[in-house]
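What follows is a single structure, written as structure tokens, with notes after it.
In the text below, chain A, chain B and the rest are named by the order of the sequence lines, each starting its count at 1.
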Number of protein chains: 2
Amino acid sequence: MVRVGDLFQALADRTRRLILDELTERDGQTLFEICGRLATRHQVGSSRQAISQHLDVLEAAGLIVTRRQGRYKFHHLDTRPLRSITERWLRSEPTEETP
Amino acid sequence: MVRVGDLFQALADRTRRLILDELTERDGQTLFEICGRLATRHQVGSSRQAISQHLDVLEAAGLIVTRRQGRYKFHHLDTRPLRSITERWLRSEPTEETP
DNA sequence: ACAATAGGCAAGTCACGGCTTGCCTACAAT
DNA sequence: ATTGTAGGCAAGCCGTGACTTGCCTATTGT
């Protein structure tokens, strides 16, 4: 079960938002591909392990799903959790938060 | 002016989301009203200063606007920054898996 | 078999965010 | 004028998050 708090916290980091941008443009990338594109296109100089930890956070938030194939691990975007995340404050009746 | 990072970071905190919930239900509350309702309805035991700092963050993110009147300071919700914040990743996505 | 590639695990550093404490200003009521 | 109410300012504590470093496992290529 993915909590709404994990979702917002995952989106609170700029590097993670850039990762989602990259996967939006080209879905199913590996860790090394994401590292390369972040470095060359967004000047993100973080280490591979840092990006890997970001991917873990995004996966725990339910925003990406992973698929292993041989020694490759492909990361796929899942934007379904984002669909109605702000409706809580845009609708007339707020949704309760369950801790 | 208001960066998108500030917006997500403001939403990353549970207490701040609860503040938005409270203002959604009853707009234009003062700091003390918000403190009281957070305590009685959501078991938030933070101090008044903590809530005040949360309100500063929300205002800096453009999610609330304040209006001073005498010794009261009323807080009003502004959900406009939330409207299109997730469209960045939802643009060219499959809408639903409905057959 | 051996090396290169893709990725994982764990400990440690460091800065920032959330929160408190203490004191202060401004307005209102009596 | 004095007291109480609504809010602000600033310093400090402390836990958590982002990141690095070092080493390890697994799969692929030659």
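Summarising the geometry, the separation between OH on B:Tyr72 and P on C:dC27 is reported as 13 Å, rounded to the nearest angstrom. Atom CG in B:Leu31 sits roughly 17 Å away from atom P in C:dC27 (whole-Å rounding). Here the P atom of nucleotide C:dA6 and the CZ atom of A:Arg67 are 16 Å apart, to the nearest Å. Atom pair B:Leu38:CG and C:dG18:C1' shows a separation of 15 Å (rounding to whole Å applied). The separation between A:Leu18 atom CG and D:dA18 atom P is 14 Å, rounded to whole Å. The distance from atom CD1 of A:Ile34 to atom C1' of C:dG8 is 15 Å, rounded to the nearest whole Å. When rounded to the nearest whole Å, the span between CD1 of A:Ile51 and P of C:dG8 equals 13 Å. The separation between A:Asp13 atom CG and C:dA15 atom P is 17 Å, rounded to whole Å.
For A:Arg16, counting side-chain heavy atoms from C-beta on, the closest listed nucleotide (D:dA18, C:dG8, D:dA6) is D:dA18. The side chain of A:Arg71 lies closest to D:dG29, out of D:dG29, D:dG17, D:dA6. The listed nucleotides are C:dT20, D:dC19, C:dG7; the one nearest the side chain of A:Phe32 is C:dG7. Closest to the B:Ala50 side chain, of the nucleotides C:dG7, C:dC19, C:dC23, is C:dC19.
No engagement by A:Arg14 is indicated, since no non-hydrogen atom pair under 4.0 Å with the nucleic acid exists. Within the nucleic acid shown, A:Gln53 comes within 4.0 Å of at least one base atom, counting heavy atoms only. Using a 4.0 Å heavy-atom distance criterion, B:Ser47 is classed as a base contact.
Side-chain N/O atoms of A:Lys73 include none lying less than 4.0 angstrom from OP1 or OP2 on D:dT27. Close to D:dC19, at under 4.0 Å from its OP1 or OP2, lies a side-chain N or O of A:Ser46. Residue A:His54 places at least one side-chain N or O closer than 4.0 Å to OP1 or OP2 of D:dC19. Distances shorter than 4.0 Å separate none of the side-chain N or O atoms of A:Ser52 from OP1 or OP2 on C:dG7.
No option in B:Leu23, B:Leu55, B:Leu7 other than B:Leu7 meets the side-chain contact (heavy atoms from CB on, under 4.5 Å) test with B:Leu63.
Side-chain to base pairing of B:Arg48 with D:dG8: one donor and one acceptor N or O lie within less than 3.5 Å of each other.
A donor-acceptor contact under 3.5 angstrom links the side chains of A:His42 and A:Glu22, judged on distance only.
Positionally, the nearest nucleotide of DNA chain D for B:Gln49 lies more toward the 5' end than for the other of B:Gln49 and A:Gln9.
Within 6.0 Å of CZ on B:Arg3 lie no more than 12 heavy atoms contributed by other residues, nucleotides or ligands. Residue A:Arg67 places its CZ atom among more than 12 non-hydrogen atoms of other residues, nucleotides or ligands, all under 6.0 Å distant.
In the hydrophobic cluster analysis, where Ile, Leu, Val, Met, Phe, Trp and Tyr join through side-chain heavy atoms closer than 4.5 angstrom, A:Phe74 is grouped apart from A:Ile34.
For the pair B:Leu82 and B:Leu11, the minimum side-chain heavy-atom distance is below 4.5 Å.
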